[in-house]
Amino acid sequence: MTIHLVVIDALNLIRRVHAAQPGEPDVQNTARVCCQALSKIIKFSEPSHIVAVFDHHGDDRGWRAELLPHYKEGRKPMPPELQAGMEIIQDAFMDLGIDSLLSDGDEADDLVATLALKVASRHQQVTIISTDKGYCQLLSPTLRVRDYFQQRWLDSPFVEKEYGVKPEQLPDYWGLAGISSSKIPGIPGIGPKAALELLSLYPDLDSILQAEDLPTKWQKKITDHRESAEASKKVASLKTDLTLGFNLQDIRYLAPSS
């Protein structure tokens, strides 16, 4: 059978819907609006398989914070009423025929990446629904990223326009320039313009770090902050080798009977 797997970055969707609620936020209303969005996504994408992937709820900040202790530090926590209402939302998703998958200690990003790449590598179609540009590093002819809220594809032309690099170079780019919103430092003093210039001269971060002919203006910065660059690239990269405790049949989409 032809497979089209749709992977929902669940909290990316839910938190944006919840924050946009007028007046006092209400979980039931958030669940309703999310389900309206998901119904549109299903109609638009016609999935054969679909799953919503959630971050775990524990205190463990994950392997990225072990590498970079300030990673995502200071981000707004999930509103308590939303945290308490997760089961209500997941039940509403299930009523639509969408199972929920919890990341269980790994960031949801890595679980999404592992699942998506496993299916896409078999030449089957995958669509990730998220506004997170980190997923763009996975782009391939059979793997797409869709920003539901702005109704656009985060595709290769988008990456080229936004960053000036190829999708597969994004971790190298972020290893150099960092990501301020996630407290990924990169190399101090090297911003987007310099990162782009370096990646036009060398194919990736490893080549830059090993280069003996680096332009003088960057030599000291790169030499002094080599470890920061390597850690930043690793944190900005997605793991794609997690063990998945289920098979594709478990997330086959069956439209609910009316």
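These numbers were taken from a predicted model, which means no experiment stands behind them. Keep in mind that the numbers below use all heavy atoms, side chains included, and drop hydrogens, waters and symmetry copies.
Ser103 contributes atom OG, which lies 9.0 Å from atom CG of Asp109 (distance to the nearest 0.5 angstrom). Going from atom CE of Met86 over to atom CG of Leu102 covers 9.5 Å, rounded to the nearest 0.5 Å. Considering CG of Leu5 and CG of Leu115, their distance stands at 5.0 Å, rounded to 0.5 Å.
Contacts of Arg144 classified as salt bridge (Lys or Arg N to Asp or Glu O under 4.0 Å), with partners at least two apart in sequence or in another chain: none. For Thr142, the side chain to side chain contact (heavy atoms under 4.5 Å, CB included) partners at least two apart in sequence or on another chain are Ala120, Ser140. Every residue was checked against the ring-ring contact (aromatic ring centres under 6.0 Å, His included) condition with Phe93, not counting sequence neighbours, and none meets it. Partners of Asp91 under the side chain to side chain donor-acceptor pair (under 3.5 Å) rule, at least two apart in sequence or in another chain, do not exist in this structure. For Ala211, the side chain to side chain contact (heavy atoms under 4.5 Å, CB included) criterion is met by Tyr202, Asp213, Leu214, not counting sequence neighbours. Take Asp155 and apply the side chain to side chain contact (heavy atoms under 4.5 Å, CB included) test, not counting sequence neighbours, and it matches Trp153, Pro157, Phe158. Scanning for side chain to side chain contact (heavy atoms under 4.5 Å, CB included) contacts around Ser181 gives Arg75, Ile179, with sequence neighbours left out.
Considering every non-hydrogen atom in both Gly97 and Ile50, the closest pair reads O-CG2, 4.0 Å.
By the 4.5 Å heavy-atom criterion applied to side chains, Tyr163 and Pro192 are not counted as neighbours. For the pair Ile42 and Pro47, the minimum side-chain heavy-atom distance is below 4.5 Å. Taking 4.5 Å as the limit, some side-chain heavy atom of Leu138 sits within range of a side-chain heavy atom of Leu238. Side-chain contact between Val7 and Thr127 is absent, with no heavy-atom pair separated by less than 4.5 Å.
Residues in residues 6-15 take part in these side-chain hydrogen bond (donor to acceptor under 3.5 Å, both in side chains) pairs, two or more places apart or across chains: Asp9-Ser130, Asn12-Thr131. Applying the salt bridge (charged side-chain N to carboxylate O under 4.0 Å, His left out) rule to pairs touching residues 158-172 yields Asp172-Lys233, sequence neighbours excluded. Among residue pairs with one or both ends in residues 181-205, those qualifying as salt bridge (charged side-chain N to carboxylate O under 4.0 Å, His left out) are Glu197-Lys217; sequence neighbours excluded.
In this structure, Lys133 fails the cation-pi test against Trp174, since its NZ or CZ atom is not both closer than 6.0 Å to the six-membered ring centre and inside 45 degrees of the ring normal.
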Could you tabulate the donor-acceptor pairs under 3.5 Å formed by side-chain atoms of residues 246-254, not counting sequence neighbours?
{"unit_1": "Asn247", "atom_1": "OD1", "unit_2": "Gln249", "atom_2": "N", "d": "3.1"}
{"unit_1": "Asn247", "atom_1": "OD1", "unit_2": "Asp250", "atom_2": "N", "d": "3.3"}
{"unit_1": "Asp250", "atom_1": "OD2", "unit_2": "Asn247", "atom_2": "N", "d": "3.1"}

For residues 21-40, which side-chain N or O atoms pair as donor and acceptor with protein atoms under 3.5 Å away, sequence neighbours left out?
{"unit_1": "Gln21", "atom_1": "OE1", "unit_2": "Asn29", "atom_2": "ND2", "d": "2.3"}
{"unit_1": "Gln21", "atom_1": "NE2", "unit_2": "Val17", "atom_2": "O", "d": "3.1"}
{"unit_1": "Asp26", "atom_1": "OD2", "unit_2": "Gln28", "atom_2": "N", "d": "3.3"}
{"unit_1": "Asp26", "atom_1": "OD2", "unit_2": "Asn29", "atom_2": "N", "d": "2.7"}
{"unit_1": "Asn29", "atom_1": "OD1", "unit_2": "Arg32", "atom_2": "NE", "d": "3.1"}
{"unit_1": "Asn29", "atom_1": "OD1", "unit_2": "Arg32", "atom_2": "NH2", "d": "2.5"}
{"unit_1": "Thr30", "atom_1": "OG1", "unit_2": "His18", "atom_2": "ND1", "d": "2.7"}
{"unit_1": "Thr30", "atom_1": "OG1", "unit_2": "Asp26", "atom_2": "O", "d": "3.1"}
{"unit_1": "Ser39", "atom_1": "OG", "unit_2": "Cys35", "atom_2": "O", "d": "2.9"}

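Using a distance-only test at 3.5 Å, with no hydrogens or angles considered, a donor-acceptor pair links the side chain of Gln124 to the main chain of Ile3.
One finds a salt bridge joining Glu230 and Arg226 here, because a Lys/Arg side-chain nitrogen approaches an Asp/Glu carboxylate oxygen to under 4.0 Å.
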